[in-house]
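So you know, we letter chains A, B, ... as the sequences are listed, proteins then strands, and number each from 1.
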2 protein chains.
Amino acid sequence: MNHSPDVAQALRHAYLFAEMSEPHLQALVQGMADIHLEPGKALFRQGQPAERFYFLREGLVKLFRLSPDGDEKIIEIMRPGETFAEAVMFMGPQGRYPVNAEAINESRVYAFEQKVFLNLLRESNEATFGLLASMSRRLHMLVNQIESLTLQNATYRLVAYLLEQIPRDVKTSPEVQLTTPKGVIASRLAIQPETLSRILGKLRQGGLIEVHGHHITIRNVQALRDTVHLPPQE
Amino acid sequence: MNHSPDVAQALRHAYLFAEMSEPHLQALVQGMADIHLEPGKALFRQGQPAERFYFLREGLVKLFRLSPDGDEKIIEIMRPGETFAEAVMFMGPQGRYPVNAEAINESRVYAFEQKVFLNLLRESNEATFGLLASMSRRLHMLVNQIESLTLQNATYRLVAYLLEQIPRDVKTSPEVQLTTPKGVIASRLAIQPETLSRILGKLRQGGLIEVHGHHITIRNVQALRDTVHLPPQE
DNA sequence: CCATGGCCTTGACCTTGGTCAAGCGGCCCC
DNA sequence: GGGGCCGCTTGACCAAGGTCAAGGCCATGG
């Protein structure tokens, strides 16, 4: 199967490939693996030698850590068009995945050999800068996460999460469609599902939101921001 | 003043400069600024346009966030030989510092213009790979921090911190010298000073450690690991 | 049409660590 | 040498969120 044109097209949405020369990109597409994942299927486990990195084509993948007694903390939920595990390439020759990766929904990922990609990087600076940009974004994201875990409470984190889910451009009473089960969101926010449910209930009672299953209507964006002392606007 | 030889020597300890060609390094040394900081003096503030990045020559610098009501969370404590704020270079042209930086002790930092460094990166791949390595290490460090904030409790974090402070190679009853006031350590571990004090007291009562001001003797490394269910050895 | 199981909600209770307040000890500086 | 300050400790109390247990609500499949 030769999907090269549209595959290359899709890849260009990722920082990593955005600026890459056409021949280089083509070479990568030739060498990549197209992997199909059922919901709940693991892609890799923490501690495994990291030989590949990934581009999410369709579906939803969670990156997470497990505590000794099985509790799960989701570090990041990957969405289509994003790459992950690229940074591990530079952890030295014996690099290992620092997290687990598992499909939430049925998913399709493209896998690239790190060795191949590294060779390509050595002779192409545009690609390297794309990689630097994506790592720098991820660093910032993690710092934000640490801040909200330590300096803010559970309600803040949930509200911030909801506000992030509002599609750009929307001015009117925004509708948010939760893309994952609530338990997954809870783990991402480092709270228990019970607590998530209670906070949602509290916000609902306050008339700030309406909850219909996975569909949430935000009745008053500004009031919502105010409850957690977020500055107006975005 | 021309300290170039020993300055270059010191810079090579950082990943960022380790593999860099001698002429390039010399050029950077020529252009850098040598900054002296009194304890408590700010180097930069979150939100300021990021035009430089830094190498810590002497002293101790904290990177931290502030909550709206003044609580401080230290993200990282920089030690001599380390670079910081390099990643911001890739946040786009209007990059801003994502944290505050302030000297804990009297310190000396070298400051480099991002523009200059970026130009150099474009023509030198060794330097770029050094940068990638240091960003990748920092990513891993942040993920570890998120894990211990969410999946572990305060005692675990403190014990893990103490164990990290044990100098390599030591086999006998290890001595740890705290390099910063305990309040700083508390902020780094995201606990209150009172809690830090209590946990230390609990460990002391359990006969696991001895505390004499900033000097801590670990009486039983293995028992200490066991209290937080860390696997033996390192 | 009902049974099953997953996901979510709700209630009662508990634990960890935060908050507030008081006090101690060393250090610096007049 | 005394006053004051800072960093730390200790105690009493508190509250956010976790834990445990019991249902409810669908969707799915027999």
Side-chain angles (χ1 to χ4, degrees), chain A residues 38-40 60 62 67-74 104-106 148-159 161-162 177-205 209-216 227-229, chain B residues 38-40 60 62 67-74 104-106 148-161 177-205 209-216 227-229:
Chain A
E38 294 300 326
L60 229 37
K62 61 180 177 183
S67 78
D69 38 63
D71 293 349
E72 167 182 313
K73 166 62 172 106
I74 295 179
I104 298 176
N105 296 338
E106 189 167 357
S148 72
L149 287 169
T150 55
L151 261 20
Q152 314 287 168
N153 63 19
T155 302
Y156 176 98
R157 297 205 290 282
L158 176 53
V159 168
Y161 180 86
L162 287 177
Q177 196 68 30
L178 301 181
T179 48
T180 70
K182 288 179 185 166
V184 170
I185 295 171
S187 167
R188 171 55 244 284
L189 301 178
I191 58 185
Q192 297 310 117
E194 292 95 325
T195 304
L196 176 60
S197 184
R198 280 189 252 268
I199 295 173
L200 242 23
K202 201 182 60 190
L203 296 175
R204 183 162 33 74
Q205 275 183 287
I209 62 174
E210 281 171 33
V211 184
H212 308 104
H214 277 186
H215 185 92
I216 294 180
T227 53
V228 294
H229 310 111
Chain B
E38 294 300 326
L60 230 37
K62 62 182 177 183
S67 79
D69 37 63
D71 293 348
E72 167 181 312
K73 165 63 172 103
I74 296 179
I104 298 175
N105 297 337
E106 190 167 357
S148 71
L149 287 170
T150 54
L151 261 20
Q152 315 287 167
N153 64 19
T155 302
Y156 175 99
R157 297 205 291 279
L158 176 53
V159 168
Y161 181 84
Q177 196 68 31
L178 301 181
T179 48
T180 69
K182 287 178 185 167
V184 170
I185 295 172
S187 167
R188 172 53 247 283
L189 300 177
I191 57 185
Q192 296 311 115
E194 293 95 324
T195 304
L196 177 60
S197 184
R198 280 189 253 270
I199 295 173
L200 242 23
K202 200 182 59 189
L203 296 175
R204 182 162 34 73
Q205 274 183 287
I209 62 174
E210 281 171 31
V211 184
H212 308 104
H214 277 187
H215 183 92
I216 294 181
T227 53
V228 294
H229 309 111

Looking at Thr195(A), does any N or O in its side chain come under 4.0 Å of the phosphate oxygens OP1/OP2 on dG17(D)?
no
Quick one: Ile199(B) CD1 to dC8(D) P, roughly how many Å, whole number?
15 Å
Counting the atoms with a prime plus P, OP1 and OP2 as sugar-phosphate, which does Pro193(A) contact under 4.0 Å by heavy atoms, base, sugar-phosphate, or nothing?
nothing
Between Tyr156(B) and Asn153(B), is a side-chain contact (heavy atoms from CB on, under 4.5 Å) present by the stated rule, with each step listed?
CA-CA 5 Å; Tyr156(B) 175 99; Asn153(B) 64 19; 3.5 Å; yes
Rounded to the nearest angstrom, tell me the gap between atom CD in Gln152(B) and atom C1' in dT15(C).
17 Å
When rounded to whole Å, the NE2 to P distance for the pair His212(B) and dT9(D) reads 13 Å
Any side-chain donor near an acceptor of the partner, Lys202(A) and Thr155(A), under 3.5 Å
yes
Between C1' of dT9(D) and CD1 of Ile185(B), the distance in whole Å:
15 Å
Can you measure Leu178(A) atom CG to dT9(C) atom P for me and round it to whole angstrom units?
10 Å
Between dC14(C) (P) and Gln192(A) (CD): distance, integer Å:
18 Å
Quickly work out the Arg198(B) CZ to dT16(C) C1' distance and round it to whole Å.
11 Å
Please examine the side chains of Asn105(B) and Thr179(B), heavy atoms only from C-beta on, and report whether any two atoms are closer than 4.5 Å.
no
To the side chain of Asn153(B), which of dG17(D), dG17(C), dT10(C) is closest?
dG17(C)
Side-chain N or O of His214(A) less than 4.0 angstrom from OP1 or OP2 on dC8(C)?
yes
Could a donor-acceptor pair under 3.5 angstrom be found where the side chain of Arg204(A) meets the base of dT10(C)?
no
Atom-pair distance (OH on Tyr156(B); P on dG17(C)), nearest Å
14 Å
Donor/acceptor link under 3.5 angstrom from Glu194(B) side chain onto base of dC20(C)
yes
When you compare the side chain of Ile191(A) with that of Arg157(A), does any pair of heavy atoms fall below 4.5 Å?
yes
Is the backbone of Leu151(B) close enough, under 3.5 Å, to the side chain of Ser67(A) for a donor and an acceptor to pair up by distance?
no
